[in-house]
Amino acid sequence: MVEFRQGMDMERRDFTKLTTFAVAWTWLPSYAQNIGNSQKPVGYAAIGLGTISSIFMRACANSQTAKVTALVTGHPDTKGVKYAEMYGIPKSSIYSYEAFDRIRDNKDVDAVYVGLPNSMHCEYTVRAAQAAKHVFCEKPMAISSAEGRKMIDACRQAKVKLMIGYRVHYDPTWIQAIEIIRSGKIGQLESFQGGFFGQQPVGAWRLSKQLGGGGALMDLGIYPLNAIRHIAREEPADFTATLSTRDQGGRFTEVEQSMEWTMKFPSGIIASCGCSYGQRGPSFLNINGEKGYLVVEPAFNYDGVHLHGEVGGQPVDQLGTGKLPFQFVLEAEQFASCVRNNTEPESPGEEGLKDLLAIEAIYKAAGAPIA
Ligand code: NAD
């Protein structure tokens, strides 16, 4: 469990307040102080300069302990130069994918941030490990459990750390929800219902089996899946699943449009979830206990996470006030702290692998195995 301190520097991250729940705290993660004032920030090389990497770079610009010191891109002279100028990165620290392995010699790079399409995560994690760099890799960790194992092995062999970008593990509102659950105040966990839905346009790499590895389940369904596994603290054993593609306009020739599935855990906890690349719907998780319940909605957004429900007969209502890119600042700083203090991340490679094993089981249950 992530540690918290009561914080003063609220201008940078104005965090959540409990409204009707028992204690009115503001919570601030302690990674920044853990790195120690005398240590220089952990230097990251951002690999793949798309949507998520641009958020990550913005996050690092808001951090005292994490800094982007190199860039890896297919467009070194355009995108590379643009971001290098924006974040004060020397031109000599812009790498093409082909020249990436030379990063081994760059002493300003401690770690890489992998913000590439899913099917490229494994290759760049292994190459980064071989270049003796720590790896912070976006979710899904890879497109198969076999790749996930390869990444874990490569990082272990090279004695570098591997963290997967599960934002929920670091968001203070989510951590508050988990603390309420762990306190026993909603009683024994009984069931979850969750979902994450959206639209993808024609031509998006996420609709390519080769690049995405799968459809909405890989990209969006993984959020309720991971949150449920993280909260339940056990691995799902029995699955049912069904997928459907109603849109015949050409978007879904390689991957599913929508997936619904159920999971049963060895303890008897049951869960039902949905996700889609072709429908509007809420991002939510219901957590039902024998004595109370929590609802997180929106649940998986970059900010504005809203927790409500009933705990011990009392209403709970808490709205996260941190703003994008605050979850990414927390992740970047948590991993920086792990690198500097030789500690293990809250969401290590093994966590990513467990999700991939469940994802493979869900696709198999839906009659569309990917492994
Ligand atoms: P994106 O399309 O915006 O960026 C992908 C980057 O990879 C681009 O810079 C692109 O140029 C580069 N790239 C290199 N080779 C490519 C190829 N063959 N095809 C396509 N692009 C190629 O994607 P994104 O939304 O930034 O997603 C990147 C990763 O981050 C994915 O694994 C995704 O699941 C993950 N992600 C995580 C979150 C989160 O909240 N944690 C949110 C969005 C995306």
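In listed order, ligands and their atoms are each counted from 1.
The ring of Trp174 has its center closer than 6.0 angstrom to the ring center of Phe300. Ring-centre distance between Phe136 and Tyr113: below the 6.0 Å cut-off.
At the shortest separation from atom 3 (O) of ligand 1 among protein heavy atoms lies Thr51 OG1, 2.7 Å. For atom 37 (C) of ligand 1, the closest heavy atom belonging to the protein is Glu138 OE1, 3.2 Å. Gly115 O, 3.8 Å is the protein heavy atom nearest to atom 5 (C) of ligand 1.
Note on ligand 1: Met218 sits outside its first shell, no heavy atom being nearer than 4.0 Å. The closest approach between any non-hydrogen atom of Pro117 and ligand 1 is below 4.0 Å. Using a non-hydrogen distance threshold of 4.0 Å, His121 registers as a contact of ligand 1. At least one heavy atom of Arg206 sits under 4.0 Å from some atom of ligand 1. At least one heavy atom of Pro140 sits less than 4.0 Å from an atom of ligand 1. Not a single heavy atom of Phe300 sits less than 4.0 Å from an atom of ligand 1. Assignment of Tyr302 to the shell around ligand 1 is supported, since a heavy atom sits closer than 4.0 Å.
Residue Ile52 touches ligand 1 through backbone and side chain together, judged by heavy-atom distances below 4.0 Å. If you look at Asp219 next to ligand 1, the close heavy atoms, those under 4.0 Å, all belong to the side chain. When non-hydrogen atoms are compared, ligand 1 lies under 4.0 Å from the side chain of Arg167 (C-beta onward) but not from its backbone.
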Check your understanding: Would Lys67 and Asp108 count as a salt bridge (Lys or Arg N to Asp or Glu O under 4.0 Å) if you check the C-alpha gap in whole Å, the side-chain angles of each, and the deciding distance to 0.1 Å?
Key -> CA-CA 10 Å; Lys67 190 174 177 203; Asp108 292 330; over 6 Å; no
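Ring orientation note: the planes of His306 and His308 are tilted relative to one another, at an angle of 30° to 60°. Taking the six-membered ring where the residue is Trp, His230 and His169 present parallel rings, their angle staying beneath 30° rather than reaching 60°.
A distance of 14.5 Å separates NZ of Lys82 from CG of Asp77, quoted to the nearest 0.5 Å. Here the straight-line distance linking atom NZ of Lys161 with atom SG of Cys155 works out to 10.5 Å at 0.5 Å rounding. Between the CG atom of Leu307 and the CG atom of Leu294 there is a distance of 5.5 Å, given to the nearest 0.5 Å.
The residue from Tyr113, Tyr223, Phe56, Trp205 that puts a heavy atom closest to atom 2 (O) of ligand 1 is Trp205.
Residue pairs meeting the salt bridge (Lys or Arg N to Asp or Glu O under 4.0 Å) criterion with at least one partner in residues 216-232, sequence neighbours excluded, are Lys139-Asp219, Arg206-Asp219, Arg229-Glu235, Arg229-Glu351, Arg229-Asp355.
In summary, the atoms of ligand 1 found under 4.0 Å from a heavy atom of Gly165, numbered by their order in the structure, are 41 (N).
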